[in-house]
Amino acid sequence: MIDKKTSNQIDLLIRKLKDNELVSIKISNKTNSIEITNAIITNLKNIHQTQSNSINQNSESEETVNILSIDSPMVGIVYMTPKPSSPPFIKSGQKVKKGDTICLIEAMKTFNEIKSDKDGVIKSILVKNGEAVEFGQPLFEIS
């Protein structure tokens, strides 16, 4: 059970997080530590940036190209390499076939291989290694 003083301090931190559009706040002392993360702002910024990039790419392209996205099938942390010292599963411009492993998503301490559901060429990688992803969030653009 949290005492009233601690609860008020947490409420104050949440207000500061929202008012300043911060992604997270972490405060600690000798005995306690608290981190508050605003996943909604992070995801909204990522979605807005993805949409802006997509709009810019479409307006610059005069030729008609069928670009599809490969979306995240789950919530978790995306990894582009099998190990930190290994090369990435895929790179922009690389051809992929249906069933090729394109990344890993860690969910509940389990690493899940994400496979391409389409044949094509990776046009862009929309997420960064180690980034939190949501269900349905576009990860890659493929044509």
Side-chain angles (χ1 to χ4, degrees), residues 1-3 6-7 9-143:
M1 184 97 182
I2 299 175
D3 63 9
T6 304
S7 178
Q9 289 174 337
I10 292 171
D11 290 340
L12 178 65
L13 288 175
I14 292 170
R15 275 192 300 256
K16 286 188 179 207
L17 184 81
K18 288 180 181 177
D19 292 345
N20 296 308
E21 294 184 4
L22 300 174
V23 175
S24 67
I25 294 177
K26 183 174 184 178
I27 298 188
S28 57
N29 59 23
K30 292 180 182 176
T31 58
N32 296 317
S33 177
I34 184 168
E35 182 174 7
I36 301 172
T37 303
N38 193 344
I40 294 171
I41 288 177
T42 304
N43 290 332
L44 288 176
K45 286 182 180 177
N46 288 339
I47 290 168
H48 183 272
Q49 183 179 15
T50 300
Q51 289 173 346
S52 296
N53 289 344
S54 178
I55 290 168
N56 289 340
Q57 288 174 354
N58 289 339
S59 64
E60 291 173 2
S61 176
E62 293 180 8
E63 61 187 48
T64 306
V65 178
N66 188 16
I67 296 180
L68 305 170
S69 68
I70 298 176
D71 301 334
S72 176
M74 64 186 68
V75 175
I77 306 296
V78 67
Y79 294 100
M80 299 297 169
T81 60
K83 293 187 244 176
S85 59
S86 300
F89 287 107
I90 59 169
K91 296 177 185 172
S92 190
Q94 180 177 337
K95 289 183 182 180
V96 293
K97 293 182 181 176
K98 185 176 181 175
D100 287 352
T101 301
I102 54 176
C103 65
L104 298 174
I105 295 182
E106 179 188 8
M108 298 177 63
K109 306 288 184 193
T110 302
F111 287 88
N112 301 281
E113 285 188 352
I114 306 304
K115 299 185 183 292
S116 175
D117 55 353
K118 309 168 180 78
D119 291 342
V121 177
I122 299 295
K123 291 297 179 188
S124 63
I125 300 172
L126 304 173
V127 293
K128 295 178 184 163
N129 193 43
E131 184 177 311
V133 294
E134 295 292 324
F135 173 79
Q137 179 180 345
L139 304 173
F140 306 96
E141 287 183 338
I142 188 170
S143 66

Between [atom1] on residue [X] and [atom2] on residue [Y], distance to nearest 0.5 Å:
X	Y	atom1	atom2	result
D100	D119	CG	CG	8.0 Å
I142	K123	CD1	NZ	10.0 Å
L126	I70	CG	CD1	10.0 Å
E106	F111	CD	CZ	4.0 Å

Contact check, side chains of I77 and E131, non-hydrogen atoms, under 4.5 Å: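 No, too far: nothing below the 4.5 Å cut-off.
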M80 and V127, any side-chain heavy atoms less than 4.5 Å apart: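 Side-chain contact under 4.5 Å: yes.
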Worked verdict on I114 versus F89 for side-chain contact (heavy atoms from CB on, under 4.5 Å): CA-CA 10 Å; I114 306 304; F89 287 107; over 6 Å; no
Any donor-acceptor N/O pair, [X] side chain to [Y] backbone, under 3.5 Å:
X	Y	value
N112	I105	yes
T101	C103	no
K118	S69	yes

Could you pull out the closest heavy-atom pair between [X] and [Y], with the gap in Å?
X	Y	result
K115	G99	CD-O, 3.4 Å
E141	I67	CB-CG2, 3.8 Å
I90	V96	CG2-CG1, 3.7 Å

S72 side chain to Q137 side chain, donor-acceptor N/O pair below 3.5 angstrom: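 No, Q137 and S72 have no side-chain donor paired with an acceptor closer than 3.5 Å.
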